Student: 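Got a structure here, written out as C-alpha cells. Questions coming.
By convention in this document, chain letters (A, B, ...) are assigned in the order of the sequence lines, proteins followed by strands, and residues within each chain are numbered from 1. Owing to the predicted nature of the structure, the values given are computational and were not obtained by experimental measurement.
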2 protein chains.
Amino acid sequence: MFKDLDPLLHSQLRLAVMSLLISLDAADFTFLKEKTKSTAGNLSVQLDKLSEAGYISIEKSFNGKKPLTTCRITKKGIKAFEDYVNSLKGYLKT
Amino acid sequence: MFKDLDPLLHSQLRLAVMSLLISLDAADFTFLKEKTKSTAGNLSVQLDKLSEAGYISIEKSFNGKKPLTTCRITKKGIKAFEDYVNSLKGYLKT
DNA sequence: GTAAAGTAGTTTATATTATAAACCAAAATT
DNA sequence: AATTTTGGTTTATAATATAAACTACTTTAC
C-alpha cells in the first residue's frame with residue numbers, strides 16, 4: 001500500500017533539483033541556486049549526495065575565469081525520480 | 001515555482017497516517033501500525049506530532065480492558081494535507 | 001495462583017539529515 | 001590596493017526519524 005520513498009529524493013531541495021534537471025537536461029550551480037532559492041552551502045551538500053548516489057553527474061569547468069559547475073541528471077536518476085513519483089502517488093490519492 | 005513543503009507532512013510515516021485518516025475518518029493505533037508497517041514507538045511519536053500540530057485528534061478510551069487510541073483527522077489537517085499535495089505537484093510535473 | 005507471553009502503547013537514546021555559518025580562492029569593483 | 005562579489009566547500013549545529021528499551025496491564029499455560 002505505502003511503498004518506501006527513496007530517502008535521497010524525499011528531501012525538498014534534492015527533489016527540487018531533480019525536478020529541474022529532469023526537464024532541463026543540464027543546469028549550472030548558480031541557476032539551481034536561484035531556482036531553488038537555497039543557500040550555496042546547502043546546495044553544494046545536496047548536489048554531492050545526488051552525485052554520490054549516481055542520480056546526477058557533476059562537471060566542473062570554467063566560464064572564462066569563473067568556475068562553473070554543471071549538473072546533469074543520469075539514467076539512474078531519471079529512473080529513481082520516476083519510481084519516487086509512482087510511490088508517492090500511493091500516499092496522495094484520497 | 002517550488003513552494004515550501006510542510007515539514008510536518010513531508011515525512012513518510014506521518015504522510016501515510018494522514019493519507020489513511022483522510023479517507024477513513026477514524027482509525028485506531030493498531031490499525032495504523034499495521035497499515036503503515038511502522039513500529040509502535042515510531043508511530044506513537046509521529047501521532048503526537050500530528051496531534052500537537054492540530055492535524056489529528058487523539059482520543060484514548062478502553063476496548064473492554066485494553067487501551068484504545070483512536071485518531072481522527074481535523075479540518076486543519078485536511079487543509080494541510082490538501083495544501084501539501086498541491087505544493088508537491090510543482091515538484092512532480094516533468 | 002503464579003510464571004510466561006502478549007497487547008497497547010510511551011519514553012529515551014542514537015543515528016541521520018537538513019541547514020546555516022564560517023571559510024576559501026579568485027575576480028571584479030571602487 | 002583595499003573592498004566587495006562570485007562561486008563555491010567545509011564544518012558545526014539544530015532538527016528529525018527511528019529503533020530499542022521500558023511500562024503497565026491482560027491473557028494464557030502450567
Side-chain angles (χ1 to χ4, degrees), chain A residues 2-20 26-53 55-72 80 84 87-88 91, chain B residues 2-20 26-53 55-72 80 84 87-88 91:
Chain A
F2 297 109
K3 289 186 217 154
D4 273 344
L5 298 172
D6 183 345
L8 249 138
L9 294 185
H10 199 62
S11 135
Q12 193 169 319
L13 181 48
R14 290 194 300 269
L15 189 61
V17 167
M18 292 294 281
S19 176
L20 286 167
D28 62 52
F29 190 94
T30 306
F31 175 86
L32 292 174
K33 181 170 172 293
E34 278 166 11
K35 285 289 181 182
T36 61
K37 293 186 176 61
S38 61
T39 60
N42 194 8
L43 183 58
S44 178
V45 171
Q46 306 312 329
L47 288 180
D48 273 358
K49 287 188 185 174
L50 289 172
S51 171
E52 270 160 43
Y55 290 0
I56 66 169
S57 66
I58 299 180
E59 189 201 330
K60 277 155 200 301
S61 59
F62 281 86
N63 176 23
K65 292 174 179 178
K66 291 178 196 168
L68 178 68
T69 299
T70 307
C71 304
R72 282 186 181 76
Y84 175 80
S87 298
L88 243 196
Y91 292 76
Chain B
F2 297 109
K3 290 185 217 153
D4 272 344
L5 297 173
D6 183 344
L8 249 139
L9 293 185
H10 199 64
S11 135
Q12 194 170 318
L13 183 46
R14 289 195 300 269
L15 189 62
V17 167
M18 293 293 281
S19 175
L20 286 167
D28 62 51
F29 189 94
T30 306
F31 176 86
L32 291 174
K33 181 171 170 294
E34 279 167 10
K35 286 291 182 183
T36 60
K37 291 187 177 61
S38 61
T39 59
N42 194 7
L43 182 58
S44 180
V45 171
Q46 306 311 328
L47 287 180
D48 273 359
K49 285 187 186 174
L50 290 173
S51 171
E52 270 161 42
Y55 289 0
I56 66 171
S57 67
I58 298 180
E59 188 200 329
K60 276 154 199 301
S61 59
F62 282 87
N63 176 25
K65 291 175 179 175
K66 290 177 196 165
L68 178 69
T69 299
T70 307
C71 303
R72 282 186 181 76
Y84 176 80
S87 298
L88 244 194
Y91 292 75

Student: Counting any heavy atom closer than 4.0 Å, what does Ser38(B) reach on the DNA or RNA strands: base, sugar-phosphate only, or nothing?
Tutor: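 Nothing, no nucleic acid heavy atom in range.
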
Student: Just list the side-chain donor-acceptor pairs under 3.5 Å for residues 31-38 of chain B, sequence neighbours left out, or say none.
Tutor:
unit_1   : atom_1 : unit_2   : atom_2 : d
Thr36(B) : OG1    : Leu32(B) : O      : 2.6
Thr36(B) : OG1    : Ser38(B) : OG     : 3.0

Student: Can you check the Lys49(A) NZ to dT16(C) P distance for me, whole Å?
Tutor: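 About 11 Å, once rounded to whole Å.
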
Student: Where each residue is assigned the nucleotide of DNA chain C containing its nearest heavy atom, which of Leu13(A) and Lys65(A) is assigned the position nearer the 5′ end?
Tutor: Leu13(A)

Student: May I ask you to test the Val17(B)-Gln46(B) pair for a side-chain heavy-atom distance under 4.5 Å?
Tutor: no

Student: Using whole Å, report how far CG of Leu47(B) lies from C1' of dA8(C).
Tutor: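 So the two atoms are 13 Å apart, to the nearest Å.
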
Student: With a 4.5 Å heavy-atom cut-off, do Leu20(B) and Phe2(A) have their side chains touching?
Tutor: yes

Student: Can you tell me how far C1' of dT17(C) sits from CZ of Arg14(A), to the nearest Å?
Tutor: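 The distance from CZ of Arg14(A) to C1' of dT17(C) comes to 8 Å, rounded to the nearest Å.
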
Student: Rounded to whole Å, please give me the gap between CG in Asp6(A) and P in dT16(C).
Tutor: 16 Å

Student: How many whole angstroms separate atom CZ of Phe62(B) from atom P of dA24(D)?
Tutor: 13 Å

Student: Could you tell me the separation between the NE2 atom of His10(A) and the P atom of dA18(C), rounded to a whole number of Å?
Tutor: 10 Å

Student: Please report the C-alpha distance between Thr69(B) and Thr30(B) in whole Å, then the side-chain angles of each, then the deciding distance to 0.1 Å, and finally whether the side chain to side chain contact (heavy atoms under 4.5 Å, CB included) criterion is met.
Tutor: CA-CA 8 Å; Thr69(B) 299; Thr30(B) 306; over 6 Å; no

Student: Return a single string for nucleotides 1-11 of chain D, one symbol per nucleotide in 5' to 3' order, where B is base contact, S is sugar-phosphate-only contact and - is none, cutoff 4.0 angstrom on heavy atoms.
Tutor: -----SSBBB-

Student: Hey, what's the ring geometry for His10(B) with His10(A), parallel, tilted or perpendicular (30° and 60° as the breaks)?
Tutor: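 Plane angle under 30°, so parallel.
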
Student: Can you measure Leu15(B) atom CG to dA17(D) atom C1' for me and round it to whole angstrom units?
Tutor: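 Answer to the nearest Å: 14 Å.
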
Student: Are OP1 or OP2 of dT18(D) and a side-chain N or O of Thr39(B) less than 4.0 angstrom apart?
Tutor: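 So the side-chain polar atoms of Thr39(B) never come under 4.0 Å of the phosphate oxygens OP1 or OP2 of dT18(D).
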
Student: Is there a side-chain contact between Tyr91(A) and Leu88(B) (heavy atoms, below 4.5 Å)?
Tutor: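 Side chain of Tyr91(A) against side chain of Leu88(B), heavy atoms only: no contact under 4.5 Å found.
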
Student: Taking the minimum atom-to-atom distance to the side chain of Gln46(A), which one of dA18(C), dA17(D), dA20(C) wins?
Tutor: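 Shortest atom-to-atom distance from the side chain points to dA18(C).
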
Student: Please name all residues satisfying ring-ring contact (aromatic ring centres under 6.0 Å, His included) with Phe29(B), sequence neighbours left out, ordered by chain then number.
Tutor: none

Student: Without decimals, in angstroms, what is the distance between Ile58(B) CD1 and dG9(C) P?
Tutor: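 So the CD1-P distance, Ile58(B) to dG9(C), works out to 10 Å.
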
